[in-house]
Visitor: 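Right, I'll just put the structure down here and ask away after.
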Amino acid sequence: YVQGAWHAVTERTGVAFDHRFWERCQPRRSTYPACRAMVLAREAGQGEAMLAAIQGAYYREARNPSDVAVLADLAGGLGLDAEAFAEALVGERAEVLLQADLTRARALGATSFPSLGLAEGDRERLLASGCLDATELRRVLGTAGLLAD
């Protein structure tokens, strides 16, 4: 299914994927390791950089973001201590942070990927859950008052 989706995305957008992933890696059905890496990197001020690194490793480098070694290597590339990061990935703190994020997503009603939310002060609301085309995204953002006329 995922391999087919990659081909469909390429056909629709021209984005290239490294399909060797399916030969080199054992895909797993859990994104929890990558999610744990994200919460730890976010806590270290490297969330956006880690997101880009994980996506690059997965889609363009045929590296498995479910592997602790891959995630630790990516963290090291961001200037974080790779060994300490690997230990933290399987530690209690990463799980607590991840569960807090999952609880927050459920409370917002974000049940699909991608989901788009808006935080205004201490108030959060879900704008969209699931993939939107550009026209629908503009409508959602306009309705939320986030686009100028």
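Scope of the values below: all heavy atoms of this structure, side chains included, with no hydrogens, waters or symmetry mates. Residues: numbered from 1 along the sequence shown.
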Visitor: Do Trp22 and Val9 belong together in a cluster built from hydrophobic side chains that touch within less than 4.5 Å?
Guide: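 Yes: a chain of side-chain contacts under 4.5 Å links Trp22 to Val9.
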Visitor: Look at Asp101 together with Arg42 and state whether they make a salt bridge at an N to O cut-off of under 4.0 Å.
Guide: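 Looking at Arg42 together with Asp101, the answer is yes, because their closest N to O distance falls below 4.0 Å.
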Visitor: To the nearest 0.5 Å, tell me how far Met50 CE sits from Phe85 CZ.
Guide: 3.5 Å
Visitor: Does the side chain of Glu95 come within less than 4.5 Å of Glu92's, by heavy atoms?
Guide: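 Side-chain contact under 4.5 Å: no.
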Visitor: Before giving the answer on side chain to side chain contact (heavy atoms under 4.5 Å, CB included), spell out for Tyr32 and Leu102 the whole-Å C-alpha distance, their side-chain angles and the decisive distance to 0.1 Å.
Guide: CA-CA 11 Å; Tyr32 273 36; Leu102 293 173; 3.4 Å; yes
Visitor: Taking the six-membered ring for Trp, are Trp6 and Tyr58 closer than 6.0 Å centroid to centroid?
Guide: yes
Visitor: Mind checking salt bridge (charged side-chain N to carboxylate O under 4.0 Å, His left out) for Arg63 and listing every partner two or more places apart, or none if nothing turns up?
Guide: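 Glu61, Asp73.
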Visitor: Just to verify, what does Glu120 make a salt bridge (charged side-chain N to carboxylate O under 4.0 Å, His left out) with, not counting sequence neighbours?
Guide: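 Salt bridge (charged side-chain N to carboxylate O under 4.0 Å, His left out) check on Glu120 returns Arg123, Arg125.
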Visitor: Less than 4.5 Å apart, side chain to side chain, heavy atoms only: is that true for Leu74 and Val70?
Guide: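 Yes - at least one pair of side-chain heavy atoms lies under 4.5 Å apart.
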Visitor: Could you go through the side chain to side chain contact (heavy atoms under 4.5 Å, CB included) check for Leu146 and Leu127 one step at a time?
Guide: CA-CA 11 Å; Leu146 299 172; Leu127 298 179; 3.9 Å; yes
Visitor: Using side-chain heavy atoms (C-beta onward) and a distance below 4.5 Å, is Met38 in contact with Ile54?
Guide: yes
Visitor: Taking side-chain hydrogen bond (donor to acceptor under 3.5 Å, both in side chains) as the definition, give me every residue that meets it alongside Glu43, ordered by chain and number, with sequence neighbours left out.
Guide: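 Here the qualifying residues are Arg93.
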Visitor: So, taking the atom named SG in Cys35 and the one named CG in Leu89, what distance separates them when rounded to the nearest 0.5 Å?
Guide: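 Atom-to-atom, Cys35:SG and Leu89:CG are 11.5 Å apart.
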Visitor: Would you call the rings of Phe17 and Tyr59 parallel, tilted or perpendicular, taking 30° and 60° as the class edges?
Guide: perpendicular
Visitor: Mind checking whether Leu126 and Leu116 have side chains closer than 4.5 Å, heavy atoms only?
Guide: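 Answer no - side chains too far apart.
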Visitor: How about Arg12: does its CZ atom have over 12 heavy atoms from other parts shown lying under 6.0 Å from it?
Guide: no
Visitor: Between Leu141 and Arg138, is any pair of side-chain heavy atoms under 4.5 Å apart?
Guide: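 No. Closest side-chain heavy atoms not under 4.5 Å.
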Visitor: Side chains of Leu71 and Leu40: does their closest heavy-atom pair fall under 4.5 Å?
Guide: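 Leu71 does not reach Leu40 side chain to side chain.
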